[in-house]
Amino acid sequence: MGKIFRRIVCLLLSVLLMPIGPMAKAALPAAEAGRKAPDYELGVRCDRQITALNEQLRSFRLEYQVWCEDWVSREAQPCRIILLLEDSALTAELLTPPQAKEKGDLTGLQASVQDFLTEFGKLSPRSQAGLVIFGGENVRTTSLTALDSPGIVKLTASLSGVGAGTEKEFDYASALRQAQALIQEESGEDSPIYLITLTAGNWREEGTEALTELQTLRGLGARSYTVSLCNNPEQEAEDFWQSMASAPLSTHHYLCAGDPSGCLSQIRRDVGAVLSVEVVERLDPRFTLTQSEQLRLRRAGAHLTSDRSGAWEISWEVPLPRKKTDPWKTILTVQARTAFPGGNDVPVDREGSGIYRAGGEILSFPAQYANVPLALRMKDFTMELFLGERVKTVYKKTDLEKLLLATPVQEWFGKGKTGDFSFFWETEDGAPIGPLKQLGTLQPKQDSTYRLRVTYRPDTKGLLSAGKSVEAVEKSALLHVKLTSGTLRIRTTAEKGGTGEEIMLNKNSFLQFRVKGDNGVDRYCTARLEADPEGSDLQIGSVFLEGELTGLPFGVYTIVPVSGTVDCAEKFQTCCLGVWEQDDTVSPSRNFVRAQFTLKAE
């Protein structure tokens, strides 16, 4: 219950006492309101233009300009900075690695603060800074000191021992009272006041007293930042430190996960009104970067990444402020992917393209669109079939219509089509066939040629997009069907002396066979006397009767001897022509088969 009560009290006080909204500002005197740091992010401006670069390569150029309005100062104005540094056991644990303690090096907190003072001194040497080091019951302070070289040396010396504290708790309210005393010592100054608290994130019950003391500082025109060294503070500490922050960059205090240097660097830029923004371009997945463009961008300092889909993100760190007469400029060349067919009004970028600062988007780029020339090229294709087969709509696991495209298969990359493709088949003479399904019902009887007509019709006119508008386009390609027919050879043989009897054959000997296939073929074949090519004449070696049928479609055939001058030992024979017995698949390579019969002696 105690924690819940403290949390409720903390949040109520933060709402009641914090004059950072527009209404609270109006209640302050004009002089105090004038001390508030302006929101410099409102002065950032950008411009991006797109032009067609090379229509044959389907490439486009994006040109960027980033600048600030004139009222954003180029130089940091003098200000007063008070750094409130927690020197507790938890701070030491989070920021001082064991090896640093052994060597006597500066702790992480010391090093980060020293770098902050040095860099801000370069930026604004007329500014002043003071330290309030709090831990336990003791609070140490240094007076506001100019950030010139002697002043930075003095402040750095005061950091000695910071980060090696052993206290487990602290009195933050006392630290804020000491900050008030430093400001009152410089009552003649009228420069802006900034409080920067670095804390390990502990929170005592009297934290509401700290809110009251901070309210007094805000009444003097101070703006406060808090940097929490903890990666994941407890919820009540999270709420408390969030209520202590009033910087224009964020409504939340900074979490630095044990490394405050990055947060201090961002605060330095914000306090000094020296903007450093990130220009981010997230390309639509339909566009990509060539290898040469990737190399050029990296050499120019751009940061490039791509996700699993291959979509690119390009970012640049842009130093500001600059004026419109002297903006930051760069160019980016993008190219439509080969697999993207093209079309009108294609978005070049995707959501998230714009200007970022401190991880948040402050400006988004207006959408840019391009008319991408159509990548539609056709190629002729030859298909080999066995007589009796239908035209294959899928050939070697690839859709037939895809085989006739010289360009890769169209991919829309999940962004919706830019138009419609229609596919229509006809004979070489122009007689209509219809869709691919209809083509697949045809059984050519001879070598044939069919034509595929592909028509693209765009959905939009593309009148306001970069590049020439894509009109309706028609392309065609030819499918050549080469037929292979089968040959069936019937042979009857009789070995001399094989049965002790000799079969007498002469030029009048014959044997007729009926050939019937499961494909509807029903034909007759007559076998007549032939000499074995391996024998020298009819008197030596085997003699046989032989007949042949040609131009047969694929199938399983049954051969039955029906009449003749001699008889066969077998009643019938079966054979497969064009068909593999293992899996019944059709192959033009199996276009010859021989049926073997044995002659029976009288």
Side-chain angles (χ1 to χ4, degrees), residues 52-60 284-288 290 310 334-348 369-385 390-442 444 446-483:
L53 186 62
N54 187 316
E55 291 194 357
Q56 184 176 1
L57 297 177
R58 308 200 304 168
S59 61
F60 298 84
D284 185 278
R286 289 171 278 197
F287 292 88
T288 187
T290 64
V334 301
Q335 189 168 323
R337 292 185 184 274
T338 306
F340 174 57
N344 294 327
D345 297 323
V346 182
V348 178
Y369 297 90
N371 297 327
V372 181
L374 199 65
L376 179 60
R377 299 192 308 275
M378 309 293 292
K379 61 180 179 181
D380 296 345
F381 183 74
T382 299
M383 176 185 295
E384 189 176 6
L385 297 178
R390 289 184 173 86
V391 177
K392 297 178 180 179
T393 58
V394 176
Y395 192 78
K396 295 183 178 180
K397 299 182 179 181
T398 302
D399 184 270
L400 176 61
E401 291 180 340
K402 293 179 181 178
L403 289 173
L404 272 68
L405 292 174
T407 52
V409 178
Q410 286 88 357
E411 295 183 23
W412 301 101
F413 298 95
K415 290 288 185 177
K417 297 181 179 181
T418 59
D420 292 316
F421 283 92
S422 61
F423 297 80
F424 187 81
W425 289 91
E426 61 186 20
T427 66
E428 190 176 19
D429 297 332
I433 296 174
L436 183 63
K437 182 179 179 180
Q438 188 64 32
L439 179 72
T441 64
L442 302 182
Q446 58 188 6
D447 291 351
S448 303
T449 298
Y450 307 99
R451 180 182 291 107
L452 170 64
R453 292 191 182 276
V454 180
T455 304
Y456 170 80
R457 295 179 178 85
D459 288 340
T460 60
K461 299 295 184 181
L463 301 178
L464 302 178
S465 299
K468 184 179 178 181
S469 298
V470 178
E471 305 293 337
V473 176
E474 182 181 283
K475 302 282 185 177
S476 64
L478 298 177
L479 170 66
H480 302 289
V481 176
K482 300 294 183 182
L483 285 183

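A donor-acceptor pair under 3.5 Å links the side-chain atoms of Arg58 to the main chain of Pro373, judged by distance alone. Side-chain N or O atoms of Arg337 include none that pairs as donor or acceptor with a backbone N or O of Thr288 at under 3.5 Å. Between the side chain of Asn371 and the backbone N or O of Gly467, at least one donor-acceptor pair lies under 3.5 Å. Without hydrogens or angle criteria, Asp284 side chain to Arg286 main chain gives a donor-acceptor distance under 3.5 Å. Formation of a donor-acceptor pair under 3.5 Å by the Ser469 side chain with backbone atoms of Gly462 is found in this model. Proximity of a side-chain donor or acceptor of Asp447 to a complementary backbone N or O of Lys482 within less than 3.5 Å is not detected.
In this structure, the separation between CZ on Phe381 and CG on Leu405 is 12.5 Å, given to the nearest 0.5 Å. Distance CG/Leu404 to OG1/Thr398: 12.0 Å, rounded to 0.5 Å.
For the pair Lys417 and Pro341, the minimum side-chain heavy-atom distance is 4.5 Å or more. Between Val348 and Phe60 there is no side-chain heavy-atom pair separated by less than 4.5 Å. For the pair Leu479/Leu452, no side-chain contact is recorded, criterion being any heavy-atom separation below 4.5 Å from C-beta on.
Leu374 pairs in a side chain to side chain contact (heavy atoms under 4.5 Å, CB included) with only one of the listed residues (Thr418, Val470, Asn344), which is Val470.
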**OP:** Walk me through it: do Tyr369 and Leu464 pass the test side chain to side chain contact (heavy atoms under 4.5 Å, CB included)?
**Re:** CA-CA 8 Å; Tyr369 297 90; Leu464 302 178; over 6 Å; no
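There is no side-chain donor-acceptor pair under 3.5 Å between Ser59 and Asn54.
Aromatic ring pairs are classed by plane angle as parallel below 30°, tilted from 30° to 60° and perpendicular above 60°; the pair Phe287 and Phe340 is tilted.
Taking each heavy atom of Glu426 and Ile433 in turn, the nearest pair found is C-CD1, 3.6 Å. Of all non-hydrogen atoms in Tyr456 and Gly342, the two that sit nearest each other are OH-O, 3.8 Å. A pairwise comparison of heavy atoms in Ala52 and Ala466 identifies N-CB, 4.3 Å as the closest pair.
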